[in-house]
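Below, read A as the first sequence line, B as the second, and so on, with proteins coming before strands; counting in each chain starts at 1.
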Amino acid sequence: MNHVGQWLQAYYDGELDHRTAMRVETHLAACPACCAELEALRALSALLQASPPASLTPTPEQFAAQVALKLPRREREPLAERSLTFLWRLAPLLIVTTWVFVQSVSIVSTGIVALVGLGIGDETLAALLPVAEAGVGPTWPSAALNALGLDAVSTILKELQALRWLAVTPLGIVVFMAVTALAIASWVATWLLRSKASNRMNHLNADG
Amino acid sequence: MRYAQGEGDLGPEETEAQNLVLQAQGGDRRAFGELIRLHRDGVVNVVYRLCGDAMLAEDAAQECFIRAWQNLDSYRPRSAFRNWLYRIASNYALTELRRERPTTDIEHASLGARQAGPEATVEDRERASVVQAAVLALPEASRIALVLREYEGLSYREIAETLDIPIGTVMSRLDYARGQLRKTLASYVEIGA
């Protein structure tokens, strides 16, 4: 018979999953030796529990008041630091939003080019395409933003015309995706390092 | 062998504690006072069981809460606040024990007997002394695991988080502690059974 001695402690402590616990119970029903072991565990626990706890003179409220008198002042994180922390937490959202926007411009522009090339689009559609000779980028993003009432964003985009190649050329798209991936990876790495450092400080502080 | 997954959600007491911790982290002393009131007995008990000295336990508990207050910003709610406190308490208790002049088992045992109270019989007091001495004779690592399991009812996962050790190590330390105590307290265990 295979005894369950190695599982008895975990069974007694209620730490086994249901299936394993059932197996142990089935075994215990037929094994006096393991039953005796389990009873010994129970007897030991009962003996330990019978030992009285420390009796304290002050009530919990008095104790809390005594401690409160000794608590030093807590200093809040400075506003500048809190602002930086907030911006750092917002960074991945900004990166992803920018990436989505640029990808959208690229996809829609490619779609417009394909339609015009197939002769499906009319003159209005063709007017939305970039005019390479004049060095002007796609006009449809600015038109869309103006239509949505985001004139300020449209103005900023016009100022960034020099970067239009990121959205419309294959090399630009690859570069932009690589930069975005690098930015996200850097943020994740920083977050992991900060979490580890925070955990280490947590343990060091708990270790006194 | 698979173990029970353990509680994934925090109980209502721990949820309340987490809310109080958030307020205390913002500087709310009243909230921290409530945390002290909620966890005082547990912290004192852990220290007392680890070092067998009731007076030290009370002083140590105060010091633990002061340290917790000072380092509250470093607490992360991934584990129960209670477990974080117990870690501070157990480390402080053992540090103080190592710093103190070594005392005999008899001195520690007599402290355990005095805690039994006037209504306890002579036999009860003697038993309490012997049990306390046996627990104090355990190696520190096993003693902490035993105290957190037997007296505070922490799960294996909670003990592992508190002590920052694997669950397997928790089990082996518990197994060792219980095995040693069964040998030392053999006559009392048989009488109890």
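At a 4.5 Å heavy-atom cutoff, B:V47 makes no contact with chain A through either its backbone or its side chain. Of the two parts of B:A61, the backbone and the side chain both hold a non-hydrogen atom closer than 4.5 Å to a non-hydrogen atom of chain A. Looking at A:Y11, there are no atoms closer than 4.5 Å to chain B (heavy atoms on both sides), in backbone or side chain. Neither the backbone nor the side chain of B:Y86 comes within less than 4.5 Å of any heavy atom of chain A.
Put simply, the side chain of B:R29 gets close to the backbone of A:L71: a donor and an acceptor are under 3.5 Å apart. Proximity of a side-chain donor or acceptor of A:Q49 to a complementary backbone N or O of B:E150 within less than 3.5 Å is detected. Judged by distance alone, with hydrogens and angles left aside, the side-chain atoms of A:E15 form a donor-acceptor pair with the main-chain N or O of B:Y156 at under 3.5 Å.
Here CD of A:Q62 is found 9.0 Å from CZ of B:R40. Values are rounded to the nearest 0.5 Å. Atom CG of A:L48 is separated from atom CZ of B:R149 by 12.0 Å, given to the nearest 0.5 angstrom.
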May I have the step-by-step check of side-chain contact (heavy atoms from CB on, under 4.5 Å) for B:R127 and A:L47, ending in yes or no?
-> CA-CA 9 Å; B:R127 188 186 307 124; A:L47 187 61; 3.2 Å; yes
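For a heavy-atom cut-off of 4.5 Å, chain A lies close to B:L146 in residues 139-148 of chain B.
The residue among B:E63, B:E58, B:R178 with the most heavy atom pairs within less than 4.5 Å of chain A is B:R178. Of the listed residues B:R37, B:M55, B:E34, the one with more heavy-atom pairs under 4.5 angstrom with chain A than any other is B:R37. Taking A:A68, A:P58, A:A65 one by one and counting their heavy-atom pairs under 4.5 Å with chain B, the maximum is reached by A:P58.
The shortest side-chain heavy-atom distance between A:K70 and B:F65 does not fall under the 4.5 Å cut-off.
Nearest heavy-atom pair, B:Y48 versus A:P52, reported as atom, atom and distance to 0.1 Å: CE2-O, 3.8 Å. In terms of heavy atoms, A:P72 sits closest to B:I66 at CD-CG2, 4.4 Å.
With a 6.0 Å radius and a threshold of 12 heavy atoms from other residues, nucleotides or ligands, A:W191 has its CH2 atom at or below the threshold.
Remark: B:D175 pairs with A:Q9 by the side chain to side chain contact (heavy atoms under 4.5 Å, CB included) rule, at least two apart or across chains.
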